[in-house]
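Right, one structure below, let's go through it.
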Amino acid sequence: MTLTLATWNINSVRLREDLVQKLLREEGPDVLCLQECKSPVDKIPTEGFAALGYSHMVARGQKGYNGVAILSRLPLEDAGHRDFVGKGDARHVAARLEDGTVIHNVYIPAGGDVADRTVNDKFGHKLDFLTEMRDWFMAERPTRSILVGDLNIAPREDDVWSHKQLLKVVSHTPIEVAHLDDAQQAGGWVDVTRADIPDGQLYSWWSYRAKDWSAADKGRRLDHIWATPDLASGAGDSRVLRDARGWDRPSDHAPVFASFDL
DNA sequence: ATGGTTGACGATCAA
């Protein structure tokens, strides 16, 4: 079968229930991974999603911040979660499809404003989160697995609107990129999006603060789809649904898609 | 160098 999958930082699943439904109706991925749900699990508006055929969900949530959910029209089994850096944050959840494929949904900390852990604890938290990911994947050696989410890092020069102007800006600093590369290599993860779309500028996030986000186009590719090589070899159809950034009362992130032969 | 916007929650804090 072919699995179609999308990942989207929704920035409040309750406020944007209608946009999630619009995406499910118009694009119809088999699986949709959401980050920044900003909701306890029992307050996620699942009824409308189920009515559209998405009757399966695994999620972790907390009041006000963070929160990750995997919506699916295919049966899912809860495959657990990891409490990165021991803070009790709802930043990871995993699900298993009936064929054994594992999907990890991750929301890496944004990291605050200053790219220096000696003066900014949030930046230290982000680096520690990435180090724990590296060590976990080194031990785990995942196979038949997909990892998606808002990784809050744009690793390549063509993942940002200006490599030079963002070198000291959190999300594109060399130390963050090195930590992300280490975590990716430790798990043997393939960047499916860039394997599919190797050339050219590609973004999935545009700040709310720009007065005309599309014309200015000062974007960053913060949202990623990775897979282990056994699944990456059958991956395709990668794209960013840029239109969604222009929907009414949008998230500041656009959904990223890929498909997999399972 | 600064400010610009959004969401949850109810004070600001996080992004």
Side-chain angles (χ1 to χ4, degrees), chain A residues 7-23 33-45 59-69 83-92 105-117 119-130 148-155 159-162 164-173 175-177 179-180 203-224 242-256:
Chain A
T7 179
W8 195 12
N9 178 318
I10 192 61
N11 189 17
S12 175
V13 70
R14 282 184 277 173
L15 188 71
R16 288 189 243 282
E17 175 185 3
D18 58 331
L19 296 191
V20 174
Q21 291 188 13
K22 179 178 169 70
L23 186 87
C33 296
L34 299 171
Q35 304 86 37
E36 274 206 273
C37 296
K38 295 185 173 177
S39 173
V41 172
D42 62 6
K43 293 193 172 169
I44 295 174
R60 296 295 184 273
Q62 63 190 97
K63 190 173 156 185
Y65 304 105
N66 306 320
V68 285
D83 177 16
F84 285 95
V85 201
K87 289 174 71 88
D89 286 349
R91 292 182 177 272
H92 170 253
N105 184 12
V106 184
Y107 174 46
I108 292 182
D113 289 331
V114 182
D116 179 350
R117 68 178 306 154
V119 297
N120 173 15
D121 289 342
K122 290 186 220 169
F123 195 70
H125 176 219
K126 184 177 196 175
L127 296 181
D128 291 346
F129 193 108
L130 289 158
V148 308
D150 177 4
L151 306 188
N152 264 313
I153 296 171
D159 290 338
V160 294
W161 64 277
S162 169
K164 189 175 174 182
Q165 291 185 71
L166 289 174
L167 268 172
K168 294 182 177 178
V169 174
V170 173
S171 74
H172 191 61
T173 64
I175 189 169
E176 289 170 85
V177 172
H179 276 65
L180 185 67
Y203 315 137
S204 65
W205 174 88
W206 295 261
S207 172
Y208 283 126
R209 298 175 188 179
K211 71 174 191 298
D212 187 340
W213 70 273
S214 188
D217 203 21
K218 292 184 173 179
R220 307 176 199 171
R221 188 173 71 102
L222 303 181
D223 302 277
H224 298 263
R242 183 183 169 115
D243 282 358
R245 181 62 179 80
W247 290 350
D248 189 43
R249 299 198 72 196
S251 168
D252 45 355
H253 293 253
V256 181

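Only this structure's heavy atoms are used, side chains among them; waters, hydrogens and symmetry mates stay out. Letters A, B, ... mirror the listed sequences (proteins, then strands); counts begin at 1.
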Presence of [X] side-chain N/O under 4.0 Å of [N] phosphate oxygens OP1/OP2:
X: A:Arg91; N: B:dA15; value: yes
X: A:Arg14; N: B:dA8; value: no
X: A:Ser12; N: B:dG7; value: no

Subject >> Heavy atoms of other groups near A:Asp83 CG, more than 12 under 6.0 Å >> reply: yes
Original post:
Taking everything shown except A:Asp42 itself, do over 12 heavy atoms lie less than 6.0 Å from its CG?
Top reply: yes
Subject >> Residue list, ring pair (Phe, Tyr, Trp, His ring centres under 6.0 Å) with A:Tyr107, at least two apart or on another chain >> reply: none
**OP:** Could you tell me whether the side chain of A:Asn11 and the main chain of A:Ser251 form a donor-acceptor pair under 3.5 Å?
**Re:** no
Original post:
Does A:Ala210 or A:Asp252 map to a spot on DNA chain B nearer the 5' end, using the closest nucleotide for each?
Top reply: A:Ala210
Subject >> 5' precedence on DNA chain B between A:Asn152 and A:Pro250 (nearest-nucleotide basis) >> reply: A:Pro250
Within this structure, what is the [atom1]-to-[atom2] distance between [X] and [N], rounded to whole angstrom?
X: A:Asn11; N: B:dA14; atom1: CG; atom2: C1'; answer: 10 Å
X: A:Tyr208; N: B:dA15; atom1: OH; atom2: P; answer: 14 Å
X: A:Lys211; N: B:dT2; atom1: NZ; atom2: P; answer: 21 Å
X: A:Lys122; N: B:dT12; atom1: NZ; atom2: C1'; answer: 11 Å
X: A:Asp113; N: B:dG3; atom1: CG; atom2: P; answer: 13 Å
X: A:Arg249; N: B:dT5; atom1: CZ; atom2: P; answer: 15 Å
X: A:Asp121; N: B:dA14; atom1: CG; atom2: P; answer: 11 Å
X: A:Gln62; N: B:dC9; atom1: CD; atom2: P; answer: 11 Å

Subject >> Criterion side-chain contact (heavy atoms from CB on, under 4.5 Å) on A:Leu166 and A:Arg220, from CA distance to verdict >> reply: CA-CA 10 Å; A:Leu166 289 174; A:Arg220 307 176 199 171; 4.2 Å; yes
Original post:
Looking at the side chain of A:Lys38, which of B:dA15, B:dT5, B:dA8 is the nearest nucleotide?
Top reply: B:dA8
Original post:
If you take atom types as modelled and just measure distance, does the side chain of A:Arg209 reach the base of B:dA15 with a donor-acceptor pair under 3.5 Å?
Top reply: yes
**OP:** For B:dA15 versus B:dT2, give the span between their P atoms, rounded off to a whole number of Å.
**Re:** 22 Å
**OP:** Please state the P separation for the pair B:dC9 and B:dA14 - nearest whole angstrom.
**Re:** 14 Å
Original post:
What nucleic acid atoms does A:Lys63 come within less than 4.0 Å of, heavy atoms only: base, sugar-phosphate, or nothing?
Top reply: sugar-phosphate
